[in-house]
Amino acid sequence: MTPDEFRKLGHEIVDWIADYRARVGDLPVMSRVAPGSIRAQLPAAPPDSPESFDAVLRDLETVILPGLSHWQHPDFFGYFPSNGELSSVLGDYLSTGLGVLGLSWQSSPALTELEEVTTDWVRQMVGLGAAWSGVIQDTASSSTLVALLCARERASGFSLARGGLQAEDAPLVVYVSSHSHSSVEKAALLAGFGRDNIHVVAADERHAMQPDALALAIEADLAAGRVPCAIVATSGTTTTTAFDPLDRIAAVGRAHGLWLHVDAAMAGSAMILPECRDLWRGVEEADSLVLNAHKWLGVAFDCSLYYVRDPQHLVRVMSTNPSYLQSPVDGQVRNLRDWGIPLGRRFRALKLWCLIREQGVEGLQRRLRRDLANARWLESEVRAEADWRVLAPVALQTLCVRHEPAGLSGDALDRHTLAWAERINCSGEAYLTPAMLDGRWMVRISIGALTTEREHVAALWRRLRAAVVSP
């Protein structure tokens, strides 16, 4: 493809995306395709001869688009906000178009230094102290894995330079909440701790980790000859957006020299609002934390911000320095290949930079406050309605609700909950995600798509009430 051909098609694609965003509210929120139907419409073998890109765009419209659930839809209330603000989309487009790679500072100096600047901007935006240093990872899953690798090496005196964990005299233990994200367990397994050494700490009635239970678990492990290593606390759990009491957890961890990692993947964005920061009081005592700018904040996926208070330890664990990547300025710069698992990195900072510059901190704060107000409004409506329950504190923009008509309980109530949620999703009018809480099904309502206004939340509430009486 020549630059002139690219220019023509690029204009068409930008127009198509702009039109898509303008009409996305008219599309069914959840895809209605049957399993295998998209694959059945595509050739089983690649084309031998070149095809017109016009044909590609036609298939995008007729084959691919019907197979998408639309995360940017104003009636998308599932999972979490995954906001691809269009200014960030342009930044991502620029990154891809430039096609540069960050193997070292010298391979693309601006890639590294813009990442340093933008992660520090966000540090200031969420009120973290100057001791924190940030780096962009792909997802919170990778960030948590990096955190547990660093914790493992600190607790084992850098066992990776010797025989690894299998050469240690006693097993290392990781402490997690019963409401931790599934990626935490996965990270601990991949880091070599083993499932037997992932100890689940009980949660309280607000679904937050109990510091007293944590302290008891650590004492029991010490008495049994195990080595407490790390705590993964959560600011904004996946199911209910519960906030673990970081200040009290940090005190327990500090008494025993444990690494504290804070998973603030979705809820971390809320900390650009000063009025929300009390929710993660004690975060300054952590060793590492992650927040996903590609969720509620508005950066196009993927852009996970990982912060540490001891970057030298991170570099010691992650560094690699082959001769072909060395340069005379290495002692003066950051080589971000030593700040995570991949050797190469995309120019992700561009989309974060474009978002912050185009929106400004005030614009981002205004949108998040809108979402918080909409969540509070819906909470009051649900609480006022007979047979409806709000099942967990509404700390931010996520509600956990259940319709509990008289005479229904146990498995029958579960079937009722799943049925009305499925009716709404299959209608294409809105998208919700059922989840288990305290052993029973309920429905999560996550408010925060870019274009979701009060009118959309009010329409959802009407649909909820209609769905529970529809056969």
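Every heavy atom of this structure was used, including side-chain atoms; hydrogens, water molecules and symmetry mates were not.
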Just verifying a value: how many Å separate F76 CZ and S69 OG, rounded to the nearest 0.5 Å?
7.5 Å
Residues at least two apart in sequence or cross-chain that pass salt bridge (Lys or Arg N to Asp or Glu O under 4.0 Å) with E284, listed by chain then number, are none
The residue among L103, T112, I136 that forms side chain to side chain contact (heavy atoms under 4.5 Å, CB included) with L336 is T112
Kindly determine whether L378 and V382 satisfy side chain to side chain contact (heavy atoms under 4.5 Å, CB included), including the steps that lead there.
CA-CA 6 Å; L378 183 58; V382 175; 4.0 Å; yes
Heavy atoms, side chains only, cut-off 4.5 Å: are L279 and L396 in contact?
yes
Can you see whether S177 engages H179 through a side-chain donor-acceptor pair at a distance of less than 3.5 angstrom?
no
Answer yes if the ring centres of H70 and Y20 are under 6.0 angstrom apart, and no otherwise.
yes
Looking at G102, is its backbone amide N or carbonyl O close enough to the side chain of R337 to form a donor-acceptor pair, meaning the two atoms are under 3.5 Å apart?
no
Between A264 and W280, which heavy-atom pair has the shortest distance, and what is it?
CB-CZ3, 4.2 Å
Are the side chains of N292 and F301 in contact, using a 4.5 Å heavy-atom criterion?
no
Run the numbers on T398 and T240 for side chain to side chain contact (heavy atoms under 4.5 Å, CB included), then give the verdict.
CA-CA 7 Å; T398 301; T240 67; over 6 Å; no
Beyond-backbone contact of E12 with F53, side-chain heavy atoms, under 4.5 angstrom:
no
We want to know whether D330 and Q326 form a side-chain donor-acceptor pair, criterion being a heavy-atom distance below 3.5 angstrom.
no
Look at the rings of Y307 and W132 and say which category their plane angle falls in: under 30° parallel, 30 to 60° tilted, over 60° perpendicular.
perpendicular
Sub-3.5 Å donor-acceptor pair from the side chain of H73 to the main-chain atoms of V24, do we have one?
yes
Has R402 got a side-chain atom pairing as donor or acceptor with R389's backbone, closer than 3.5 angstrom?
no
Of all heavy-atom pairs linking V100 and F347, the shortest is CG2-CD1, 3.9 Å
Is a side-chain donor or acceptor of H456 paired with a backbone partner of E453 at a separation under 3.5 angstrom?
yes
Taking the ring centre of each residue, are F80 and W71 less than 6.0 Å apart?
yes
When you measure from the side chain of R32 to the backbone N and O of S427, does any donor-acceptor pair fall under 3.5 Å?
yes
More than 12 heavy atoms from other groups under 6.0 Å of OH on Y93:
yes
Give the table of side-chain donor-acceptor pairs shorter than 3.5 Å for residues 56-67, with sequence neighbours excluded, one pair per line with atom names and distance.
residue: E61; atom: OE1; partner: W16; partner atom: NE1; Å: 2.8
residue: E61; atom: OE1; partner: R23; partner atom: NH2; Å: 3.0
residue: E61; atom: OE2; partner: R23; partner atom: NH1; Å: 3.3
residue: E61; atom: OE2; partner: R23; partner atom: NH2; Å: 3.3
residue: T62; atom: OG1; partner: R58; partner atom: O; Å: 3.0

Are side-chain heavy atoms of I272 and L297 found at a separation under 4.5 Å?
yes
Considering all heavy atoms of both residues, which atom of Y175 and which atom of C229 are nearest to each other, and what is their separation?
CE1-N, 4.5 Å
Check whether any side-chain heavy atom of S304 sits under 4.5 Å from a side-chain heavy atom of V290, and report yes or no.
yes
S142 (side chain) donor-acceptor with Q137 (main chain) under 3.5 angstrom
no
For R367, what residues pass the salt bridge (Lys or Arg N to Asp or Glu O under 4.0 Å) criterion, not counting sequence neighbours?
none
Do Q41 and I38 have side chains that approach each other closer than 4.5 Å (heavy atoms only, starting at C-beta)?
yes
Would you say the side-chain atoms of S88 pair up with the backbone N or O of G84, donor to acceptor, closer than 3.5 Å?
no
Residues in salt bridge (Lys or Arg N to Asp or Glu O under 4.0 Å) contact with R39, at least two apart in sequence or another chain
none
Q397 and S446: side-chain donor and acceptor closer than 3.5 Å?
yes
Are the side chains of L314 and V146 in contact, using a 4.5 Å heavy-atom criterion?
yes
Minimum side-chain heavy-atom gap Y306-T119 below 4.5 Å:
no
Could you tell me which residues satisfy side chain to side chain contact (heavy atoms under 4.5 Å, CB included) with R346, sequence neighbours excluded, listed by chain and number?
D92, S95, T96, D302, R348, K351
To the closest 0.5 Å, what do you measure between CD1 (I341) and CG (L149)?
6.0 Å
Heavy-atom pair of closest approach, residues R454 and N374
NE-OD1, 2.7 Å
Output the distance between atom CG (L368) and atom CG (L273), rounded to the nearest 0.5 Å.
5.5 Å
Below 4.0 angstrom, N of the basic side chain to O of the carboxylate: do R383 and E379 qualify?
yes
Report the C-alpha separation of N83 and K295 in whole Å, then their side-chain angles, then the decisive distance to 0.1 Å, and conclude whether the side chain to side chain contact (heavy atoms under 4.5 Å, CB included) test is met.
CA-CA 6 Å; N83 294 327; K295 289 186 176 172; over 6 Å; no
Heavy-atom closest pair, residues A147 and H261
CB-ND1, 3.4 Å
For this output row, return yes or no: ring centroids of W388 and W420 closer than 6.0 angstrom.
yes
How far does CG of L289 sit from CG of L305, to the nearest 0.5 angstrom?
9.5 Å
Salt bridge (Lys or Arg N to Asp or Glu O under 4.0 Å) partners of R462, counting only residues at least two apart
none
Under 3.5 Å, side chain of T237 to main-chain N/O of S180, donor-acceptor pair present?
no
Where do V394 and A375 come nearest, in terms of heavy atoms and distance?
CG1-CB, 4.4 Å
Are S288 and W259 close enough that a side-chain donor and a side-chain acceptor fall under 3.5 Å?
yes
Which distance, rounded to the nearest 0.5 Å, do you find between the CG of L372 and the CD of Q365?
11.5 Å
Backbone N or O of A265 within a donor-acceptor pair of the D263 side chain at under 3.5 Å?
yes
Out of curiosity, R254 CZ to L260 CG, how far, rounded to the nearest 0.5 Å?
10.0 Å
Salt bridge or not between D338 and R316? Use side-chain N to carboxylate O under 4.0 Å.
no
Check step by step if side chain to side chain contact (heavy atoms under 4.5 Å, CB included) holds for W105 and E113.
CA-CA 8 Å; W105 176 89; E113 296 192 16; 2.8 Å; yes
For the pair R369 and E275, find out whether any cationic side-chain nitrogen is under 4.0 Å from an anionic carboxylate oxygen.
yes
Check whether any side-chain N or O of S104 sits under 3.5 Å from a backbone N or O of N335 as a donor-acceptor pair, and report yes or no.
no
